[in-house]
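Worksheet: one structure, shown below.
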Amino acid sequence: DTEVTQTPKHLVMGMTNKKSLKCEQHMGHRAMYWYKQKAKKPPELMFVYSYEKLSINESVPSRFSPECPNSSLLNLHLHALQPEDSALYLCASSQALGGGETQYFGPGTRLLVL
Amino acid sequence: GQNIDQPTEMTATEGAIVQINCTYQTSGFNGLFWYQQHAGEAPTFLSYNVLDGLEEKGRFSSFLSRSKGYSYLLLKELQMKDSASYLCAQTDSWGKLQFGAGTQVVVTP
């Protein structure tokens, strides 16, 4: 089983709203990732968690706030977003953090900021 | 940053073979992944190469030459469902994936 689930599938929010994206995996993976993907562009890494601790933050604006409450769950809290933040947000997980580890992606949350 | 180059688009007919080339910078290299992504869907893992040579998985094969900073993905016996974007991605020792822009493969009847 290589399933990563994400909710919601679609989200529309205003610039003053606060919302959260959720990601879950039950593969026992200890590394989890958030990516942002704009149309016709490749995914761009935002954050990496390893053993529930933030390992990498790719200089993401503070209006995006990640959280890893336990080894199976990863959240991305959104506040005061801009229209240019509209994108597909992908969660991924891998067994551990390291160069040879395959990342498995969830289906994504398509976010529209109005 | 790391430059990963792959063609923007390739077109081939059903049953044919297509080879997607990818070049990358060799500094900090720790492996090369290929992912398939259908429009509006998540990337799905196809292959991983860290040593030189060819890895074969059914209709898909991937090749790596570390000294040349070069990889290719070979798709054989093309099917309509293979129409998708194919992403080449280099990984470093941390496991950070740096994706190429993707190659859109169009399979025609």
Side-chain angles (χ1 to χ4, degrees), chain A residues 1-7 9-10 21 23 25 27 29-51 53-60 87-112, chain B residues 1-9 20 22 24-51 55 57 60 62 64 66 71 73 84-106:
Chain A
D1 180 14
T2 55
E3 190 177 27
V4 178
T5 58
Q6 290 187 243
T7 55
K9 284 192 168 61
H10 300 275
L21 309 185
C23 173
Q25 56 87 14
M27 296 178 278
H29 287 177
R30 303 315 298 262
M32 296 185 77
Y33 311 75
W34 280 115
Y35 287 85
K36 172 182 177 179
Q37 187 175 25
K38 302 282 271 184
K40 299 193 185 304
K41 298 286 188 185
E44 294 178 358
L45 183 65
M46 299 174 73
F47 302 104
V48 183
Y49 274 82
S50 178
Y51 287 85
K53 292 200 180 338
L54 184 64
S55 294
I56 298 173
N57 176 342
E58 292 286 277
S59 303
V60 179
L88 180 67
Y89 287 84
L90 294 163
C91 173
S93 71
S94 62
Q95 195 140 18
L97 190 61
E101 299 292 339
T102 299
Q103 293 180 31
Y104 297 94
F105 286 83
T109 293
R110 191 161 297 281
L111 174 68
L112 178 61
Chain B
Q2 294 165 325
N3 287 330
I4 298 173
D5 292 318
Q6 52 181 129
T8 304
E9 185 170 312
I20 306 169
C22 170
Y24 61 88
Q25 292 187 352
T26 55
S27 65
F29 175 79
N30 213 266
L32 197 292
F33 286 89
W34 284 96
Y35 282 84
Q36 179 193 61
Q37 187 173 27
H38 285 99
E41 298 182 12
T44 55
F45 168 72
L46 290 178
S47 69
Y48 170 66
N49 294 72
V50 66
L51 300 176
E55 295 273 346
K57 271 189 189 180
F60 293 1
S62 56
L64 179 70
R66 288 175 298 170
S71 173
L73 180 70
S85 180
Y86 291 84
L87 299 162
C88 172
Q90 177 178 356
T91 183
D92 63 15
S93 59
W94 278 90
K96 284 174 60 174
L97 282 178
Q98 180 77 31
F99 286 92
T103 298
Q104 186 66 43
V105 170
V106 178

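The sequence lines fix the lettering, A, B, ..., with proteins before strands; numbering per chain opens at 1.
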Checklist entry - So, do Pro43(B) and Leu90(A) sit near enough that their side-chain heavy atoms are less than 4.5 Å apart? => result yes
Between [options], which shows the greatest number of heavy-atom pairs under 4.5 Å with chain B?
{"options": "Arg110(A), Glu58(A), Lys41(A), Gln103(A)", "result": "Gln103(A)"}
{"options": "Pro107(A), Pro43(A), Ser55(A), Ala31(A)", "result": "Pro43(A)"}
{"options": "Ala39(A), Gly106(A), Gly100(A)", "result": "Gly100(A)"}

Checklist entry - Donor-acceptor pair, Gln104(B) side chain versus Lys40(A) backbone, under 3.5 Å? => result no
Checklist entry - Who passes ring pair (Phe, Tyr, Trp, His ring centres under 6.0 Å) against Tyr49(A), sequence neighbours left out? => result none
From [X] [atom1] over to [Y] [atom2], what is the distance, rounded to the nearest 0.5 angstrom?
{"X": "Tyr33(A)", "Y": "Leu97(B)", "atom1": "OH", "atom2": "CG", "value": "7.0 Å"}
{"X": "Ser50(A)", "Y": "Trp94(B)", "atom1": "OG", "atom2": "CH2", "value": "8.5 Å"}
{"X": "Glu101(A)", "Y": "Tyr48(B)", "atom1": "CD", "atom2": "OH", "value": "8.5 Å"}
{"X": "Phe99(B)", "Y": "Glu44(A)", "atom1": "CZ", "atom2": "CD", "value": "11.0 Å"}

Checklist entry - Do other residues, nucleotides or ligands put more than 12 heavy atoms under 6.0 Å from the NZ atom of Lys9(A)? => result no
Item to check | Closest non-hydrogen atom pair between Leu87(B) and Pro42(A), with its separation | outcome: CD2-CB, 4.3 Å
